Number of protein chains: 2
Amino acid sequence: MAQSDPLYQRIASELREQIRTGTIKAGDRLPTEVELRDQYDVSRNTVRLALAMLQNEGMISSVQGKGTIVREQIMLTYHAAWAESRDRNASDQTDAFYAEMKAQGRTGEYRDFEMRIKSASPHLAARLGVEEGDSLVSRAISRYADGEPFSLQDSYYPMDIAQACGLLTPHDVPGGVIRAMAKKGHEEIGYVDELTTRMPTPDEARKLGGLGSGTPVLVYVRTTYSDARPLRLTLTIFAGDRNRVVYEIGDLQAYVPAENGASK
Amino acid sequence: MAQSDPLYQRIASELREQIRTGTIKAGDRLPTEVELRDQYDVSRNTVRLALAMLQNEGMISSVQGKGTIVREQIMLTYHAAWAESRDRNASDQTDAFYAEMKAQGRTGEYRDFEMRIKSASPHLAARLGVEEGDSLVSRAISRYADGEPFSLQDSYYPMDIAQACGLLTPHDVPGGVIRAMAKKGHEEIGYVDELTTRMPTPDEARKLGGLGSGTPVLVYVRTTYSDARPLRLTLTIFAGDRNRVVYEIGDLQAYVPAENGASK
DNA sequence: TAGTGGTCTAGACCACCAC
DNA sequence: TGGTGGTCTAGACCACTAT
């Protein structure tokens, strides 16, 4: 960062460098705003501009009354290619989630189950092959790992399938939804996954445990198909700083999964 | 947003609502900061706090001297499941990218090709099955669509493979890298894709055409394997507001691709 | 030149937390 | 109670764009 840059960017650069090189480690407290103000001989607002920059990069987070700390990153892995596959024991998404958590040495749970009837948005209607405004059954949960929220999931089903398969209940389906649908002749034989990223809405940030302003979400949409029609659309919002989606495809006899890993 | 919220959050909420409902449309100019200051009877700094909030959500972007506008979203789709598959005409990543762009009615190009020798970071070493610090060949490009930068790509190859396959050249490999490797007995028969999201580094933001501070990147890592070993690791940084990664897997005879679509 | 957003100051008071 | 970050004011000057 050149010397002619704005003051606040120069301050941000120096702090960023100290974090990158480990002079200030993850979990450590930064100097207070007043200390930085004196240290750089600027106004407190200028210090706050610098800190806002780092916050928007997801590097630090501030708590009123306590201070500003360098954020730590823990990563969970979501194996998309087999998470819901039919030849595993996992009977539905929830079971698959438990299995993933256990395999990664964490405790998984979900909360706030909700069943609702919703009107199909253009986006949903196009993917589920129904008319805009048609009724859809939505079954939503929040997933937690080690007591912390990690992702929000909302599955949409065409009304006729939901009725035939007993999905109009405000609780878990015994044996899992996928199995229940298969029994009624709606077997999932293919899927299309769409992955995007964006900043969370204030509502999503709240549900995901107060995401810092520098934390994006990973938006994951899976639409599944039988041989005749779309069966289900599952929208998952992952907290971007804590999740990784993985696809393992093809012949992987030479693949040795490394259990760990930062984001880059 | 309750009335007891901070002023700047209340201003942000009202503007957000006006954008959401279409009172202010994509591409439109927002009122100037001075107008908002008078309208809400607050200081200009408070207005700027509100605008910063919306900027961090990716909803608006400001340009010095011009004004503040509501951002438009165009979405490109990257078909990960077949983008590099062997039974398509695409001979390497670059060709595959052209084909995708053409299919979506856009012009694709790439710039700033670079070949470098780099030392393996722990992250790269683990995935490519080499020792930390070993030499790797890096071949990087920036991808543009309709003249705008969309993604940065960097492929890493173990030195012995790069030498055997003629990858130590500062230009394209005729027929494509994947084909060149296959000819020398290094055929890609499986791959592992990892997808994460985070905020861009200042350097990435610059290379991607000055990403707004509310735009995350989609980090896409593909590691490919032969029957014996890892062959290649390709790291792609997508501008998050302009790209979508799609996997089409299984039997999809009932799938009718919808060519369009917003992010949610 | 007039108007826009970008940077910066020097204060003030408040809400929250640890002691 | 003292210190932290959170909010807010009322200015100033600068850099850039349009006309």
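Heavy-atom basis, side chains included; hydrogens, waters and symmetry copies ignored. Throughout, a chain's letter reflects where its sequence line sits, starting with A, and its residues are numbered from 1. Quick caveat, the model's predicted, so the values are computed rather than measured.
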Residues B:Phe113, B:Arg139; criterion side chain to side chain contact (heavy atoms under 4.5 Å, CB included); working and verdict
CA-CA 7 Å; B:Phe113 181 91; B:Arg139 298 171 63 89; 3.5 Å; yes

Under the rule for salt bridge (charged side-chain N to carboxylate O under 4.0 Å, His left out), what residues qualify as partners of A:Asp38, not counting sequence neighbours?
none

Would you say NZ of B:Lys118 has more than 12 non-hydrogen atoms from neighbouring residues, nucleotides or ligands within 6.0 angstrom?
yes

Close residues, residues 35-46 of chain A, relative to DNA chain D [heavy-atom separation under 4.0 Å]:
A:Arg44, A:Asn45

With a 4.0 Å cut-off on heavy atoms, is B:Leu7 in touch with a base, just the backbone sugar-phosphate, or nothing at all?
sugar-phosphate

Do B:Tyr247 and A:Leu195 come close enough that some side-chain heavy atom pair is under 4.5 Å?
yes

Are B:Ile19 and B:Ile60 packed together at the side-chain level, in the sense that at least one heavy-atom pair is separated by less than 4.5 angstrom?
yes

If only side-chain N and O atoms count, and only distance matters, is there a donor-acceptor pair under 3.5 Å linking B:Arg71 with B:Thr215?
yes

How are the rings of A:Phe238 and A:Tyr220 set relative to one another: parallel (under 30°), tilted (30 to 60°) or perpendicular (over 60°)?
tilted

Would you kindly give the OH-to-C1' distance between A:Tyr8 and C:dG5, to the nearest whole Å?
11 Å

Charged N-O contact under 4.0 Å between B:Arg20 and B:Glu17:
yes

Under 4.0 Å from a heavy atom of chain A: give me the 5'-most and 3'-most nucleotides of DNA chain D that qualify.
D:dG3 to D:dT9

Could you tell me which nucleotide pairs with C:dG11 by Watson-Crick or G-U wobble geometry, both distances under 3.5 Å, or answer none if nothing does?
D:dC8

